[in-house]
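Heads up, the thing below is written out as structure tokens.
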2 protein chains.
Amino acid sequence: MARLPVYHRALLTLAQRGERTVSSAELSVVTGVTAPTVRRDLSHLGSFGTRGTGYAVSQLLARVDRALGIDREWPVVVVGIGSLGRALARSGNFSARGLKVVALLDIDPQVVGSAVGGVAVEHVDRLEAVVKREEAAIAVLATPPGAAQSLADRLAAAGVRAILNLAPVVLRPALGVRVGTVDLAAELQVLAFYGARTEGPARTVTGAGRRRRQSS
Amino acid sequence: MARLPVYHRALLTLAQRGERTVSSAELSVVTGVTAPTVRRDLSHLGSFGTRGTGYAVSQLLARVDRALGIDREWPVVVVGIGSLGRALARSGNFSARGLKVVALLDIDPQVVGSAVGGVAVEHVDRLEAVVKREEAAIAVLATPPGAAQSLADRLAAAGVRAILNLAPVVLRPALGVRVGTVDLAAELQVLAFYGARTEGPARTVTGAGRRRRQSS
DNA sequence: ATATGTGAATCAATTCACAGCT
DNA sequence: AGCTGTGAATTGATTCACATAT
């Protein structure tokens, strides 16, 4: 469920603010998800709220955490240490969310050997060894588009189960591997499309883009 | 239509390769969109292919370009020149797609005055003036989460019609402004969720995330 | 009173399947 | 023979509305 991270963030804030309970209506306001959908989502999560009162924040947070697998830390390998890769490697945002950047890979000898955000950049030749060493199930591809497909294949072969592709290409994923692509330029193009045409009130589109499915 | 940029990229490649025509089946392979959906999308675009042959690449590309508004260049303002903002400012990816980063804003006096990718960083105090000067309809928010909402409001008031929000917060958009949020950490969390659980074959999820709608 | 959980209704998107053009 | 364009069917997600619990 793509909205789990949004609930997670919202609940975290509510918990810090000391709130004991939330109603689906309140969650609706802070997440931008309609109240019926919030209830459906949470019920789907197997969670029990109390009628007349709402949900117990801490209990609900615990459930969302478990569903998201935040009980443990997921090691993430970043491939391609250009400016985008570097930005990700530095992002303090990750650790709070069950993700930890444990290895950085690049092909440029100028970059290999340096450290970004406290992690050393290794040569992409060592990809297989690094994935194995870190037992990484997740990788981020922030390379030029031309290199992405073959690296995705190598990552898959090395045992990675999910890849976040930031290169502007459609990847053909290996069997058993999940690929999610985020193309920021495409995102902007879509916004330009809508934003420029709409003269009247508009709607918000959040979460990070529509999705297309391919078989693998 | 969220898939237009994908078609755009594919057609560009095909055109460069010298292909005169494409069938929906061929487009399906390179875009990862099923053939019936390709046909539906393109017909929806008002485009006429020729039966028995396919679509004329150049003609189709022209239509997609026009639909995406790529006939002109959209000026983009980037707010928040941290490592992510810097990565965007440098991304050569944009110019090829009808987007041009024309102004950079930050609050840090250390950063203000420097130049990134050939564009000077100005102080965020000048936001309104800069938006007006550049006649920018599109902005990217790459600030810490706490600052995002008020900046989104100011951008809207200054005349921006669409905002790409890269901060991990749900923004309440001003009336008539379109907000798209891309939260890379959330994206990874979702991948971790799927990737870690799937033992068998998996599906690909491309395009940049599911979307939630809020009223504005 | 208030708010959950969920069947039933609605809405949007995708896919099927085929008639019709080249 | 091959491939588009599109009605009809299907699938999936969202919303409604209400019985049910506190």
Side-chain angles (χ1 to χ4, degrees), chain A residues 1-4 6-7 10-11 14 19-61 63-64 67 190 194 203-215, chain B residues 1-4 6-7 10-11 14 19-61 63-64 67 190 194 203-215:
Chain A
M1 194 68 71
R3 283 184 293 260
L4 280 179
V6 178
Y7 296 136
L11 289 166
L14 288 165
E19 309 279 351
R20 305 290 293 160
T21 61
V22 245
S23 66
S24 57
E26 290 167 322
L27 273 175
S28 174
V29 173
V30 292
T31 60
V33 181
T34 65
T37 301
V38 169
R39 290 204 298 279
R40 179 82 60 186
D41 285 348
L42 298 187
S43 79
H44 209 294
L45 209 145
S47 170
F48 286 177
T50 36
R51 301 178 184 220
T53 315
Y55 302 88
V57 173
S58 61
Q59 185 190 335
L60 187 52
L61 185 55
R63 292 218 187 226
V64 173
V190 173
Y194 285 121
R203 246 174 262 101
T204 311
V205 183
T206 319
R210 295 92 183 163
R211 293 263 161 104
R212 283 170 304 97
R213 271 161 206 86
Q214 308 163 194
S215 58
Chain B
M1 194 71 70
R3 282 184 295 261
L4 280 179
V6 179
Y7 296 136
L11 289 167
L14 289 166
E19 309 279 353
R20 305 290 293 160
T21 62
V22 243
S23 67
S24 58
E26 290 167 322
L27 273 174
S28 174
V29 173
V30 291
T31 60
V33 180
T34 65
T37 301
V38 169
R39 289 203 299 278
R40 179 82 62 186
D41 285 348
L42 298 187
S43 80
H44 210 296
L45 209 145
S47 172
F48 286 177
T50 36
R51 301 177 185 221
T53 317
Y55 302 88
V57 172
S58 61
Q59 186 189 336
L60 188 52
L61 184 54
R63 292 221 187 224
V64 172
V190 173
Y194 285 120
R203 247 172 265 106
T204 311
V205 184
T206 319
R210 297 93 183 161
R211 293 266 161 102
R212 283 169 304 97
R213 271 160 208 86
Q214 307 163 192
S215 57

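Here is the naming used below: chain letters follow the sequence lines, and residue numbers restart at 1 for every chain.
In this structure, Asp41(A) atom CG and dT14(D) atom C1' are separated by 10 Å, rounded to whole Å. Protein atom CZ of Phe48(A) is 12 Å distant from nucleotide atom P of dA21(D), rounded to whole Å. Leu45(B) places its CG atom 16 Å from the C1' atom of dT6(D), with the value rounded to the nearest Å. Following rounding to the nearest Å, Arg63(B) (CZ) and dG5(D) (C1') show an atom-to-atom distance of 14 Å. Between the P atom of dG12(D) and the NE2 atom of His44(A) lies a distance of 12 Å, rounded to the nearest Å. Summarising the geometry, the separation between CG on Leu60(A) and P on dT4(C) is reported as 11 Å, rounded to the nearest angstrom. The interatomic distance linking Leu42(B) (CG) with dT4(D) (C1') rounds to 10 Å, in whole Å.
Distances shown here put a side-chain N or O of Thr37(A) below 4.0 Å from the OP1 or OP2 atom of dT15(D). OP1 or OP2 of dT15(C) sits under 4.0 Å from a side-chain N or O of Thr34(B). Checking the phosphate oxygens (OP1, OP2) of dG2(D), no side-chain nitrogen or oxygen of Tyr55(B) falls inside 4.0 Å.
Remark: side-chain polar atoms of Thr31(A) are paired, donor with acceptor, to backbone N or O of Leu27(A) under 3.5 angstrom. Side-chain atoms of Gln59(A) do not come within 3.5 Å of backbone N or O of Ala56(A) as any donor-acceptor pair.
Between Leu11(B) and Leu60(B), some side-chain heavy-atom pair lies under the 4.5 Å cut-off. Contact of the Met1(A) side chain with the Asp41(A) side chain is registered, since non-hydrogen atoms from C-beta on lie closer than 4.5 Å.
Residue Ser47(A) is classed as a sugar-phosphate contact, given heavy-atom separations below 4.0 Å to backbone atoms only.
Ranked by how close their nearest DNA chain D nucleotide is to the 5' end, Gly52(A) and Ser43(B) are led by Ser43(B).
Side chain of Arg51(A), nearest nucleotide from dA19(D), dC16(D), dT4(D): dA19(D). In this structure, of dA8(C), dG7(D), dT4(D), it is dA8(C) that holds the atom nearest to the side chain of Arg40(A).
In summary, of the residues considered (Val33(B), Leu42(B), Val38(B)), a side-chain contact (heavy atoms from CB on, under 4.5 Å) with Ser24(B) occurs for Val38(B) alone.
You won't find any donor-acceptor pair under 3.5 Å spanning the side chain of Arg39(A) and the base of dG7(C), going by distance alone.
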